[in-house]
Amino acid sequence: MERINRWRSHGGWQEVWRHDSAETGTPMEFSIFLPDGDGPMPVLWFLSGLTCSWANVTEKGEFRAACAEHGVILIAPDTSPRGDGVPDDPEGAYDFGLGAGFYVDATEQPWATNYRMRSYIETELPALVAAHFPVDMARQGITGHSMGGHGALTIGLRTPERFRSVSAIAPICAPSDCPWGRKALGQYLGPDRAAWADYDACRLIDAGARLPALKVDQGAADGFLETQLMPERLKAACDAASQPLELTMHEGYDHSYYFISSVLPAQIAWHAQYLNS
Ligand SMILES: N[C@@H](CCC(=O)N[C@@H](CSC=O)C(=O)NCC(=O)O)C(=O)O
């Protein structure tokens, strides 16, 4: 593993690391913000959305002051494998392939060889992080935006024992039933919708998955709200299952990092209640 950059910021270090991934078969990069202080510290994972790498939230997320205040390490992985030989959408579309791994382990070729973001985020990267940084892996939270919100919800619901707190910002709530999700899951996993159930937050909740603490922030002026995100589906699934959900609609906010940076500090404070208790 190699550190490829670092900057002093908010009384800590913002770092970027590169390593070879056995899961994706490619070099992978992630960013990590390390507040000053004696570890081990709790860790909050931030999963990014379509078109993103670690850089988007690291440069535009405005999270470091909150992480420094609450003593929380924030890790931002990439959203897909990249590099020579990694297949991409044949038309270069932004919503599939590079930058759009959807946090699945693909089963269909040509995707299955490299697109193993579920195992990368659930298993390989946590082990690497635990071995190299002063993290307390008994105190983990997870959040993410849009496609990354879908990743945070589904990884959290599948492995609730790993996380004290799960949140999302403008997540794709019902990917089996929206265009982004149908396109990605259909190609990565094949046309049988039964194979998609593990990657759909609403279907996981319908099937009995539960979380101790769940928070979602959504912009009311988000152009993707009704067609792709559908938070009302998540609310209905949670209500039917008696799953507690703090869903907050924010008037006037869209899908951009102007919204993410407006709510991420408060999400970090919310996670810190669970991670520091
Ligand atoms: N048509 C847009 C779509 C890309 C986009 O909006 N990406 C979002 C995530 S959408 C769901 O996962 C994003 O976070 N973009 C990065 C950023 O820095 O804003 C386009 O490609 O322009």
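Computed from a predicted model, the values in this text were never measured in an experiment. Both ligands and their constituent atoms are indexed starting at 1 by order of listing.
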Closest by any non-hydrogen atom to atom 2 (C) of ligand 1: pick that one out of Y94, Y257, W180, Y258. Y94

If you look only at distance, which donor and acceptor atoms sit under 3.5 Å apart when one is on a side chain in residues 258-265 and the other is two or more places apart or in another chain?
residue : atom : partner : partner atom : Å
S261    : OG   : Y257    : O            : 2.7
S261    : OG   : Y258    : O            : 3.4
S262    : OG   : Y258    : O            : 2.6

Which of these passes side-chain contact (heavy atoms from CB on, under 4.5 Å) with R118: T154, I155, T123, D198? D198

Flag side-chain contact, heavy atom, 4.5 Å: H150 against W180: no

At less than 4.0 angstrom from any non-hydrogen atom of N56, what atoms of ligand 1 do you find? 16 (C), 17 (C), 18 (O)

For K60, atoms of ligand 1 separated by under 4.0 Å from a heavy atom: 17 (C), 18 (O), 19 (O)

Under 4.5 Å between any side-chain heavy atoms of M41 and P35, yes or no? yes

Got more than 12 heavy atoms from elsewhere within 6.0 Å of CD, E226? no

Atoms in ligand 1 with a heavy atom of H145 nearer than 4.0 Å: 9 (C), 14 (O)

Looking at non-hydrogen atoms alone, which of D254, I260, T51, D95 comes nearest to atom 21 (O) of ligand 1? T51

Ring centroid separation for H271 and H70, is it under 6.0 angstrom? no

Under 3.5 Å: donor-acceptor pair, side chain of R164, backbone of Q140: no

Option whose closest heavy atom lies nearest to atom 10 (S) of ligand 1, chosen from S146, G151, C52: S146

Could you check whether atom 7 (N) of ligand 1 has a protein contact, counting only heavy atoms that fall below 4.0 angstrom? yes

Those atoms of ligand 1 less than 4.0 Å from some heavy atom in M147: 11 (C), 12 (O)

Have a look at ligand 1 and work out which part of L50, if any, has a heavy atom under 4.0 Å from it: side chain, backbone, both or neither. both

List every atom of ligand 1 that sits less than 4.0 Å from any heavy atom of H255, numbering the atoms from 1 in the order shown and giving each element. 10 (S), 11 (C)

